[in-house]
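Counting starts at 1 for both ligands and their atoms, in listed order.
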Amino acid sequence: MGKSTVYVCFSILLMFNIYSSCHSSSLYPRPSETRQIQELNGMWNFRADFSPNSDRGFTEKWFRFPLSKTGPVIPMPVPSSFNDITTDKKLRDFTGIVWYDREFYVSPDWQMKRVVLRIDSAHYASVVYVNGKPTLEHIGGHLPFEGEIATFLNFDKVNRITIAVNNTLTPYTLPPGTISHHKNDPRYPPGYSVQVLQFDFFNYAGIHRQVRLYTTPAVYINDITVTTLNIQETNAILKYAVKVGNATQGTTISVEVVNKEGMVLASSSGDSGNIETKAAHLWWPYTMNTTHYGYLYTLKIRGKGLDFPLIARDFNMLKWLGANCFRTSHYPYAEEIMDQADEQGIVVIDESPAVGLKMKVNFCKKNLEYHTRVMTELVSRDKNRPSVIAWSVANEPKSDTDYAADYFQHVINYTKGIDPTRPVTFVSSSDYDKDQVAKYTDFQCINRYYGWYQDTGHTETIATHLSYDLDHWYKVLQKPIMVTEYGADTVPGLHAEPSFVFTEDYQVEFLKQYHAVFDKYRTRFLVGEMVWNFADFMTDQSVTRVLGNKKGILTRQRQPKAAAYVLQTRYWSMINATTPVHDEL
Ligand SMILES: *[C@@H]1O[C@H](CO)[C@@H](O)[C@H](O)[C@H]1NC(C)=O
Ligand SMILES: *[C@@H]1O[C@H](CO)[C@@H](O)[C@H](O)[C@H]1NC(C)=O
Ligand SMILES: *[C@@H]1O[C@H](CO)[C@@H](O)[C@H](O)[C@H]1NC(C)=O
Ligand SMILES: *[C@@H]1O[C@H](CO)[C@@H](O)[C@H](O)[C@H]1NC(C)=O
Ligand SMILES: *[C@@H]1O[C@H](CO)[C@@H](O)[C@H](O)[C@H]1NC(C)=O
């Protein structure tokens with residue numbers, strides 16, 4: 001891994017003189033001379049629909065009125081997950097429809113412009129109403145959606161936006177889940193049903209990321225694609241393509257490559273072509289000179305939501321550790337997190353929300369079609385990011401089956417089709433001799449828990465198991481392998497000598513066993529190691545989870561456990577070993 005990438009800002013100026021018509025895109029909203037942004041973040045009114053099928057709000061058309069007129073509302077921050085905000089257990093564990101609304105004004109100047117409403121992520125399915133009229137719908141969390149709303153707006157009086165979000169997971173959602181019904185079982189309360197998950201993190205839901213309005217001129221840039229064709233030292237050739245909305249015969253396009261300080265490095269014109277710049281800058285976070293690995297860990301931060309202080313803290317801890325990469329397990333992270341990765345030179349394996357595809361029905365045709373749509377949304381959102389080094393189409397699916405092989409052959413092939421420039425992988429928890437999907441990837445990620453889920457407590461079995469496993473995977477695949485999860489649950493403050501599962505001592509001993517093996521393979525085909533996990537995180541309630549998954553090397557509050565120092569020493573000695581003497585650290 002460790003493909004180096006140019007860091008360039010791409011700014012495109014557009015000249016136009018006539019208007020016509022077009023579509024929306026997923027370019028991140030950035031203010032400019034021609035684009036204004038209005039945030040709709042803040043406290044919204046909120047109400048969960050606790051009716052039997054959670055459909056009373058739709059039947060009674062709550063969107064036609066201020067939500068507070070339909071019944072009791074509570075304040076709810078946007079962005080956030082609604083689950084942990086109140087002290088109400090029923091709301092924390094709620095499955096069904098929740099309603100949000102708020103009022104806002106727009107400037108009368110905006111009547112002359114395109115006005116786009118963008119929701120960066122709402123989990124899982126959303127219907128959006130502006131002034132009581134349905135305007136947007138989207139299925140799937142973690143990815144942005146947007147649409148033009150000028151025709152629904154009042155420019156002379158107050159506006160209301162209402163959003164209904166359905167967090168139900170079924171065999172046909174990504175990630176999939178099931179609803180377990182006990183409706184006619186006298187041993188359960190009347191009408192009882194419960195959401196069952198097929199993955200190991202809490203199904204946080206709600207409007208997870210920013211809600212914004214932005215304007216563009218009537219003729220506007222709809223999409224930009226930038227790929228690096230070649231880099232030699234500081235010389236780089238970039239290929240670009242610009243899509244213009246409402247373009248007409250009189251529309252001309254001029255393109256400038258600018259650096260972070262706004263200095264123009266190169267320019268061109270036309271809607272596509274190549275640009276050469278002599279100021280390419282290959283980055284690494286730590287002046288490391290090798291390009292062999294992404295040595296890392298996996299973030300399971302609130303990548304699902306958006307919390308600026310936490311983003312800053314997490315990147316500070318990443319730098320403290322000396323990490324250089326993360327995987328967006330197990331869903332696309334907030335774009336503001338990706339911005340920091342771009343900015344700070346941390347590389348990313350960008351993973352889709354396809355975690356826990358375990359049942360045969362999860363691999364049906366309908367899901368295959370939907371999965372490719374999600375890959376399209378993810379690739380169009382993140383394709384221009386220098387930090388993204390690979391796409392991961394799924395985590396731990398049932399990859400030892402022929403139906404998974406058929407399914408993923410298509411998803412992987414499809415993803416390579418829409419982005420021929422980056423490798424595509426998926427993360428396997430199957431055995432090397434049973435996996436049927438790994439043959440389609442460019443490099444293979446595997447998750448391994450020797451000494452934890454198997455041979456629990458026996459760190460002495462780790463080295464032999466892991467070596468055997470790596471040797472055999474490589475023998476079968478003959479391509480680079482990355483270990484994307486290995487880890488042990490650890491309750492901070494628990495100690496035992498000799499070590500015992502769940503103690504800090506055990507986590508330290510466990511990780512060291514893995515590292516000794518990794519060191520034998522990392523000069524060969526092993527291209528990365530990612531500890532599971534960066535920080536503790538919340539899961540569903542179960543007898544194997546004590547207030548969440550405790551495999552973090554940091555606590556949920558982002559403070560180090562003993563194992564964090566082991567990783568810090570390891571990562572920094574690798575950085576030091578590859579740092580030219582003349583570079584200051
Ligand atoms: C194209 O321009 C017209 C006229 O300005 C505008 O109303 C419309 O929103 C634009 N269409 C699209 C799809 O951008
Ligand atoms: C919520 O989503 C689930 C799964 O797609 C669906 O079965 C259910 O009908 C939806 N609820 C409402 C009230 O639309
Ligand atoms: C893979 O995609 C290519 C086009 O990009 C197509 O020709 C080929 O048939 C696809 N193969 C499969 C198995 O989908
Ligand atoms: C890495 O180098 C820095 C600067 O020379 C030094 O302070 C640090 O102790 C080294 N760390 C390791 C683990 O070698
Ligand atoms: C990069 O690191 C290697 C050691 O891993 C060293 O031999 C080489 O000289 C370094 N290259 C540069 C340009 O400093």
Side-chain angles (χ1 to χ4, degrees), residues 47-63 67 70-71 82 93-100 122-129 134 136-141 162-181 183 191 193-198 203 205-207 284-290 295-297 318-324 353 356 359 361-362 364 366-367 369-371 373-374 508 511-512 515 518-519 522 529 553 560 562-585:
R47 156 163 211 214
D49 185 343
F50 286 106
S51 67
N53 295 313
S54 203
D55 57 356
R56 205 177 129 205
F58 287 122
T59 317
E60 294 180 358
K61 299 190 166 59
W62 289 354
F63 50 86
L67 204 51
T70 68
F82 63 75
D93 299 337
F94 181 74
T95 304
I97 312 277
V98 294
W99 290 81
Y100 293 77
H123 188 71
Y124 179 82
S126 325
V127 191
V128 181
Y129 305 85
L136 284 179
E137 280 189 36
H138 186 256
I139 293 179
T162 311
I163 306 183
V165 183
N166 185 348
N167 69 345
T168 312
L169 299 181
T170 73
Y172 309 103
T173 57
L174 279 184
T178 50
I179 300 290
S180 167
H181 292 288
K183 287 204 159 130
S193 68
V194 69
Q195 173 82 68
V196 179
L197 306 178
Q198 297 166 210
N203 186 35
I207 304 176
W284 262 127
Y286 312 100
T287 65
M288 190 143 98
N289 85 353
T290 181
Y295 254 84
L296 312 247
Y297 75 90
L318 273 180
K319 292 293 180 82
W320 177 84
L321 283 163
N324 61 7
M359 300 185 301
V361 62
N362 303 147
C364 67
K366 177 176 156 188
N367 283 18
E369 196 271 327
Y370 176 57
H371 200 147
R373 245 183 324 162
V374 170
V508 165
L511 296 182
K512 284 182 172 169
H515 297 161
F518 292 157
D519 283 341
R522 67 191 174 91
E529 59 182 60
I553 55 161
Y565 297 95
V566 173
L567 285 169
Q568 186 192 39
T569 305
R570 175 170 177 74
Y571 295 164
W572 275 102
S573 48
M574 288 192 282
I575 294 165
N576 287 1
T578 58
T579 302
V581 195
H582 54 83
D583 268 338
E584 78 285 8
L585 273 173

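- Using modelled atom types, one finds a donor on one side chain and an acceptor on the other under 3.5 Å when comparing Gln198 with Asn362.
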What short N/O contacts, under 3.5 Å, does ligand 2 make with the protein, listed by atom pair and distance?
unit_1: ligand 2; atom_1: 2 (O); unit_2: Asn166; atom_2: OD1; d: 3.3
unit_1: ligand 2; atom_1: 2 (O); unit_2: Asn166; atom_2: ND2; d: 2.2
unit_1: ligand 2; atom_1: 11 (N); unit_2: Asn166; atom_2: ND2; d: 3.0

Please walk me through it: do Val165 and Tyr100 pass side chain to side chain contact (heavy atoms under 4.5 Å, CB included)? CA-CA 8 Å; Val165 183; Tyr100 293 77; 4.1 Å; yes
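- Nearest heavy-atom pair, Asn167 versus Gln195, reported as atom, atom and distance to 0.1 Å: O-OE1, 4.1 Å.
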Step-by-step side chain to side chain contact (heavy atoms under 4.5 Å, CB included) determination, Glu60 to Thr70: CA-CA 9 Å; Glu60 294 180 358; Thr70 68; 5.7 Å; no
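- More than 12 heavy atoms of other residues, nucleotides or ligands lie within 6.0 Å of CG in Leu197, so this atom counts as buried by the packing criterion.
- With rounding to the nearest 0.5 angstrom, the CD1 atom of Ile139 is 11.0 Å from the CG atom of Leu174.
- Close contacts of ligand 4 with Thr569, meaning ligand atoms under 4.0 Å from a residue heavy atom, involve 13 (C).
- Under the rule for a salt bridge (Lys or Arg N to Asp or Glu O under 4.0 Å), Glu137 has no partner lying at least two apart in sequence or in another chain.
- Backbone and side-chain nitrogen or oxygen atoms of Asn576 are examined, and one is located within less than 3.5 angstrom of a nitrogen or oxygen of ligand 4.
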